[in-house]
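In what follows, every chain begins at residue 1, and chains take the letters A, B, ... in the order their sequences are listed. Fair warning: this is a prediction, and the values are worked out from it, not measured in the lab. Side chains are part of it too, since the values below use all heavy atoms of this structure and drop only hydrogens, waters and symmetry mates.
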There are 4 protein chains.
Amino acid sequence: MTIAEGDVPVRGGRPRDPACDAAILRAALDVFAEAGYAGVSIEGVAARAGVGKATIYRRYANKAQLMADAVRCGVYVDDHLPDTGNLRADLMAMMQPLVDRMRSEDGKLLTAFAIERFRDAELAEEFDRAVIGHKRDHLRHLVRAAIQRGDLPADADVDLIAEAAPAYIWHHALYGLPIADNLLERILDLVLP
Amino acid sequence: MTIAEGDVPVRGGRPRDPACDAAILRAALDVFAEAGYAGVSIEGVAARAGVGKATIYRRYANKAQLMADAVRCGVYVDDHLPDTGNLRADLMAMMQPLVDRMRSEDGKLLTAFAIERFRDAELAEEFDRAVIGHKRDHLRHLVRAAIQRGDLPADADVDLIAEAAPAYIWHHALYGLPIADNLLERILDLVLP
Amino acid sequence: MTIAEGDVPVRGGRPRDPACDAAILRAALDVFAEAGYAGVSIEGVAARAGVGKATIYRRYANKAQLMADAVRCGVYVDDHLPDTGNLRADLMAMMQPLVDRMRSEDGKLLTAFAIERFRDAELAEEFDRAVIGHKRDHLRHLVRAAIQRGDLPADADVDLIAEAAPAYIWHHALYGLPIADNLLERILDLVLP
Amino acid sequence: MTIAEGDVPVRGGRPRDPACDAAILRAALDVFAEAGYAGVSIEGVAARAGVGKATIYRRYANKAQLMADAVRCGVYVDDHLPDTGNLRADLMAMMQPLVDRMRSEDGKLLTAFAIERFRDAELAEEFDRAVIGHKRDHLRHLVRAAIQRGDLPADADVDLIAEAAPAYIWHHALYGLPIADNLLERILDLVLP
DNA sequence: ACATAAGCGAGACGGTACGTCTCGTCTTCTG
DNA sequence: CAGAAGACGAGACGTACCGTCTCGCTTATGT
């Protein structure tokens, strides 16, 4: 499940070359890391990947979709959506990988991409659809389930609790505040009873 | 301090037409509001401003500089730093104006400016020094004072409480989440006891 | 052999569209005839031809090359280089078409182009390389062969005899002297024994 | 009669600075010599002359007029019309000065002037009336006189013989062919018996 | 003597065109 | 049929000049 549109195993004909998939994503991330989003061009990615332009356009409708998928596959891949019945543990499991990645070398890449995401409505939409959306939904689901269980009061603010970790983490990243190892724990200490 | 390069009034030659300065910035902001950053083109701005392209390039080296200045000029900031001894009231007084503007037409502009701030280290530094910095400091000061007064427990997480409102507000703005009228109250309900 | 650079059919890739070749040359000549060389702009030609600018620049490096080829293909095409062993007949066969064209409506166009050729070193070079050069060479070759055969004395002035027709014809055209039907015959009567 | 519009010493105001006239023409000719007609720009000439653009536009409406005047001022003509009864000697005496100047530094200038002459009907008429016209007439007169004397056969082609030297010389100049020292002699050898 | 009027260097102004680049689509050929 | 190669129409990029228009100054003349 690497390619956004899922695999379309059309019948007949030569199958898509998985080596191309990889080469394209690899090249896209490399170029982005070197030159920023504005410096990415489909032609450049194609050349670097040793691939024809059509081979990219056969997979992605445009640059935004390509980059959204590249970032997802390259640095965002933990698609684990835990649901153990322990809200705090589930939130930790979901968000700690993001904190870790933000503290690593990938942090800068991720932040740079996020910023581009804000500038380009198309890119934002693609990325939210492909990567962020169902995580956000799951966060809300976890909080609501906790209320149902009685672990949170009935009038708890579902949205704010669910968004707490992303909001604080990105706020730190964007404003260059240090992201401590225990940042996530402190956030949850603050917003969970 | 409107135009990026400062005023270089060199002597000799016809002076720059201030009406052009205004028309360019006005047009840049208009186009931006309609089409987003990616939708801004120098040619479009020039046409809309009724100005030659050279008249823009005489002032700005490229789109990035133009938009940085446009958005900077389109953003004003008020500077009220209340300190009444009531933490919740002070935080409300400080942050509600930001919420209000975010909900107004200016919201897009403010958000755009923030994004540019993230991209441009120089802009970031200048802006933090001139506008953000002492607000952030004051927020921390208010929280610490509340602890001192015993209004907050001694082990309260100063940084997270102080940053709560900005973090949530910008998070909502950047991710396009609706900013409700009572957003600030809900945030304070969550992070203050 | 319409396009200057010869056909470079490299393998792979979509081949150049011959319809574009034609549309471009047609449009270039039309615009030139209407507005003169100075009035020709690549953008105008592209628009008139219903073609992207890049499609022209893919074929010609600049306006000079385009116009050189356009004139060659449009009004200069008789690439017949006769060599029958009869000097006078060969010279007649080579040059009479030019005289005829000079006497026709195309004459003005041709003259206008020649003048531009003189003003623009780049255009001159392009045109000589693509159109004039091998004709000039062939003229010299014919005269030398005639000397070899003994049809001309051994000390005949190869260059002047070879250039006689072009020199007189262009002289008449440029100075607005009437170009008589039998001009070429009179020239050859004068310079051939 | 140096400046196109003649001198209009209207009353009042500061008079035109003759030093500017000179500097402009000087610079125009210099730039022309270095970069050719197409390489001349008013801005370049102004800069080289140390003069504002308006100071040029006050004198000439556009580049064509500037260059026409520049080249006109750079060209002088001598007016010796010999008639000794020796056709060959007279033709030599009339045309050798032109050959000599064509071989000198002035050659480019003369050629440039001729080209401008072809483009500008007004300039052409003026120049033919003032300079070329009676020379052309005199050439014909000399040839006809030679026929009368029996030095040329009765059916000699007056026009072609009379135009031979100008035609060949200008042909060489315009096409960049080398103009040899003995070019004129060779021409006369060819067209005179 | 001093207002009037124009010339002057400098350079901004609204434009046009340049030649380059990338976009996303479309053909053709090769494996 | 997938893939590489690359042509295609479209249109923005940043640059260079065009010819016009202020600026603040200088330089003669005509009262």
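No donor-acceptor contact under 3.5 Å links the side chain of D/R14 to the base of F/dA28. For a distance-only test at 3.5 Å, the side chain of C/K53 fails to qualify as a donor-acceptor partner of the base of F/dG9.
Considering only residues two or more places apart in sequence or on other chains, C/D128 meets the salt bridge (charged side-chain N to carboxylate O under 4.0 Å, His left out) condition with C/R117. By the side chain to side chain contact (heavy atoms under 4.5 Å, CB included) test, C/A46 pairs with C/K53, C/I56, sequence neighbours left out. Applying the salt bridge (charged side-chain N to carboxylate O under 4.0 Å, His left out) criterion to C/R58, with sequence neighbours excluded, gives no partner residue. With sequence neighbours excluded, the residues that form a side chain to side chain contact (heavy atoms under 4.5 Å, CB included) with D/E34 are D/R48. C/E125 meets the salt bridge (charged side-chain N to carboxylate O under 4.0 Å, His left out) test with no other residue; sequence neighbours excluded. The side chain to side chain contact (heavy atoms under 4.5 Å, CB included) search around C/K63 returns C/Y37, C/V40, C/I42, C/M67, not counting sequence neighbours. A search for ring pair (Phe, Tyr, Trp, His ring centres under 6.0 Å) contacts involving C/F32 returns nothing, not counting sequence neighbours.
Residue B/T55 places at least one side-chain N or O closer than 4.0 Å to OP1 or OP2 of E/dG14. OP1 or OP2 of E/dC8 sits under 4.0 Å from a side-chain N or O of D/R58. Not one side-chain nitrogen or oxygen of A/R59 sits closer than 4.0 Å to the OP1 or OP2 atom of E/dG24.
Salt bridge absent: B/R16 and B/D21 never bring a charged side-chain N and a carboxylate O closer than 4.0 Å.
For the pair C/N62 and B/G52, nearest-nucleotide mapping onto DNA chain E gives the more 5' position to B/G52. Mapping C/P18 and B/Y57 onto DNA chain F by nearest heavy atom places C/P18 closer to the 5' end of the strand.
As rounded to whole Å, 13 Å separates atom C1' of F/dA10 from atom CD1 of C/I56. Across the protein-nucleic acid pair, A/K63 atom NZ and E/dC21 atom P stand 16 Å apart, rounded to whole Å. Distance CZ (B/R16) to P (E/dA10): 17 Å, rounded to an integer number of Å. In this structure, CG of B/D17 is placed 11 Å from C1' of F/dC21, rounded to the nearest angstrom. As a whole-Å value, the separation of D/Y60 OH from F/dC18 C1' is 18 Å. Rounded to a whole Å, the CD atom of C/E122 is 13 Å from the P atom of E/dC18. The interatomic distance linking A/Q65 (CD) with E/dG24 (P) rounds to 10 Å, in whole Å.
A/R59 and A/T55 get closest at one heavy-atom pair: NH1-O, 3.0 Å.
Residues from residues 27-36 of chain C placing a heavy atom under 4.0 Å of any atom in DNA chain F do not occur. Against DNA chain F, the stretch residues 40-48 of chain A makes no heavy-atom approach under 4.0 Å.
Side-chain atoms of B/V51 lie closest to E/dG14 of the nucleotides F/dG3, E/dG9, E/dG14.
From A/F118, atom CZ reaches atom CG of B/L174 across 4.5 Å, with rounding to the nearest 0.5 Å.
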